[in-house]
Amino acid sequence: MGGLNSLRILQLHSDYIEYLPVQKEVSAAEETEKTARRIEEVVVLFTAVEEEDNEVVATRAIKEIENFLEKLKVNRILIYPYAHLSNNLAKPAVALKVIRRMEEAAKTAGMETFRAPFGWNKKFTISIKGHPLAEQSRTVLADVENEEEKVSEALQAEAKLESSWYIIQPDGSVVPVEKFDFTEHKDLERLAKYEISKTRASQEKPPHIKLMQRLELVDYEPGSDPGNLRWYPKGRLVKSLIEQLVTDTMVNYGAMEVETPVMYDLNHPSLSDYLDRFPARQYIIKSEDKDLFLRFAACFGQFLMLHDTQLSYRQLPLRVYELTRYSFRREKSGEIAGLRRQRAFTMPDCHALCADLRQTKREFITRFKLCSEVLDSLGLEKKDYELAIRFAEDFYNKNRNFVISLVRLFGKPALMEMFEEKAFYWVLKWEFNFIDNQEKASALSTDQIDVENAYRYDITYTDETGQKQHPLILHCSPSGGIERCVYAMLEKSYRDQKEGGVPFLPLWLSPTQVRVIPVSDKFTKDAENIVEEIRRHEIRVDLDDRSLTLQKKVREAERDWVIYVIVIGQKEIDSGFLPVRDRVARKIKKMKLRELVDKILKEVEDKPFKPLPLPQKLSQRPQFYG
RNA sequence: GCCUCGGUGGCCUAGCCCGGUAGGGCAUCACCUUGGUAAGGUGGUGGUCGCGGGUUCAAAUCCCGCCCGAGGCUCCA
């Protein structure tokens, strides 16, 4: 029964690999020079030879790999002896023989074949490509009878543990997902389906894409890489106001705003560890003497900063905040979609260092509340998003009441994922998920308890007794990506409209809050005076001075989602009352200018303000789209 | 990366199956119109039909190759 033993190969389609033999590890090691080697556009085969392998297996392995290379349209391989793939290794002499046989077979098959020396401890750097076939692990069995090929997602699968899915209710009761009655919780059902079975209901284009273009908020930029967007003035205003709101919220909460670099040395020792877990996702920049990667979160910069910080337990919890413009993730081409997912995106990222679990829990609750406040400001209420909460079973058993208290705060049943063991660097994590018109779920706010990175980055504080301690680290994005917030607002508006409602952005985010329309050219001057009076109160007001019909101008104001529209003619000048067309209430109400101003100021109270991002007169505005 | 669909003035789109000198709408420009709450009228400017090759007397249309985009798959600590 030799069937269980085999040749194990981790096959990685790589942009490049660099390796440097450091020292001999076994006596059977081959002779080689201690010089660095770099190979580009290559399929790297990390190979371990197990106990009962014979040389037939080598030929068979190469045959399988040959098929694969055809699919990848690559013809260059590097055979890289890598013992760590197995705990049942063959003797070095046998292994070397098998490896040499592989090399020979590959050359015979016409592959451009490289091989790293056997028996050496080697330092290496690898950049793996981002497509699904890039990472494969294969096991070639020694037993000829057993021809099954096992192909699996190598890196992820190793870390992925069994998890089970439940619905947890505010009263603390827990039901397996399949037993829960979703009648009253359709979006939660969609989230569960999306997370567990990954089914899709719809095949159409996400509606927010058309809206983001038509409203001249934001658009694709063909001159860049996919997933890098251009923001028109109105969109820039909306985005910038949301950024401001999130930042204000975090600063009020006590966070210290910092700024850190967008790119980091690929070979920095503290980072390489972390990076190893996300090998395929970076933009790589070549500088004169080093390779840099663009950050995909604010963690690096903040952790490197905190590593160098002198911290006492008296200063905990310590909150550090950064708005990353941008974070970069080189998502696979097919994964990018409008404002749902980009390759360059803006993400607020707030870390809190806590001394112990007790402090952590208190902090976690505070942040949980802040997150729903932020979403509420965007016009996203509890009914508009769903909570997912994930943890290791062990953590849950010890902290059950804490988990339930979060669900109670949320006030609705939540999706719960329980892992048999701690699978990641966090022990507890939650997200607010928005479900869009295609029934796809996207995470907005999120927070997690990280128990590893303080060690990885050696971040410490001094406790009461003068000892260095590693804190717990909370990672929170209070809003999620800002782009994604806009996506959620637009998708929600579309849904509202489909259900017979009026689509609009919250008043404090509306690029135009009030539009004044003179009934004819004769009243432009009077209209201007009114505009100026409104503007003085920090209200974004504009003037449609184009020589179009009144109907047409009203129509366009509606299409621009302007919430308050005022028409100015002789009657208004005589009476002093303004006919205010309220988009949301869908009626025209007569009021004094002061009344309107007060009403608006009250509605946008406490929210950030920025002035009109375009010329005040519509006749002076270019058309950015269409 | 794979699959599917697509690429025609700034935007939307007809024409493609069945080859015969590219049509409409919006926007833009000019003129008329100066209005009372969701599209006033007339006229004009603007296109080597994504790129390259092939078939043909003739290609937006048929064939081959490539590029770009979108969606799906997959992925999403």
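Only a predicted model underlies this, so the values are computations on that prediction, with no experimental measurement involved. Convention: sequence-line order gives letters A, B, ...; per-chain numbering from 1.
Comparing C73(B), G35(B), A39(B) by their nearest atom to the side chain of Val519(A) picks out G35(B). Among the nucleotides A27(B), G71(B), C75(B), the one closest to the side chain of Tyr220(A) is G71(B). Of all nucleotides listed (A38(B), G71(B), G36(B)), G36(B) comes nearest to the side chain of Lys571(A). Side-chain proximity of Ser547(A) to U37(B), A38(B), U33(B): nearest is U33(B). Closest contact between the side chain of Arg341(A) and the listed nucleotides G71(B), C75(B), U28(B) involves C75(B). Here the side chain of Lys440(A) is nearest to one of G35(B), A38(B), G72(B), namely G72(B). Out of C12(B), U37(B), G71(B), the shortest distance to the side chain of Tyr625(A) is found at C12(B). Closest to the side chain of Asp521(A), out of G69(B), G71(B), G35(B), is G35(B). Of the candidates A38(B), G71(B), G40(B), A38(B) carries the atom nearest the Arg581(A) side chain, counting heavy atoms from C-beta on. When the nucleotides A39(B), A70(B), U34(B) are ranked by their closest atom to the side chain of Lys522(A), U34(B) comes out on top.
Using a 4.0 Å heavy-atom criterion, one finds that Ile566(A) contacts no nucleic acid atom at all. Base contact: Gln570(A) has a heavy atom under 4.0 Å from a base atom. Across all strands, Glu572(A) comes closer than 4.0 Å to base atoms (heavy-atom distances).
With a 3.5 Å ceiling on both atom-pair distances, C18(B) lacks any Watson-Crick or G-U wobble partner. The nucleotide G1(B) finds its pairing partner in C73(B), both defining distances of the Watson-Crick or G-U wobble pair being shorter than 3.5 Å.
Separating the P atom of C12(B) from that of C18(B) is a span of 29 Å, rounded to the nearest Å.
Protein atom CD of Gln620(A) is 13 Å distant from nucleotide atom P of U28(B), rounded to whole Å.
Between Ser520(A) and Arg484(A), it is Ser520(A) whose nearest contact on RNA chain B lies nearer the 5' terminus.
Ring geometry, Phe368(A) versus Phe432(A): the interplanar angle exceeds 60°, so the pair is classed perpendicular (tilted spans 30 to 60°).
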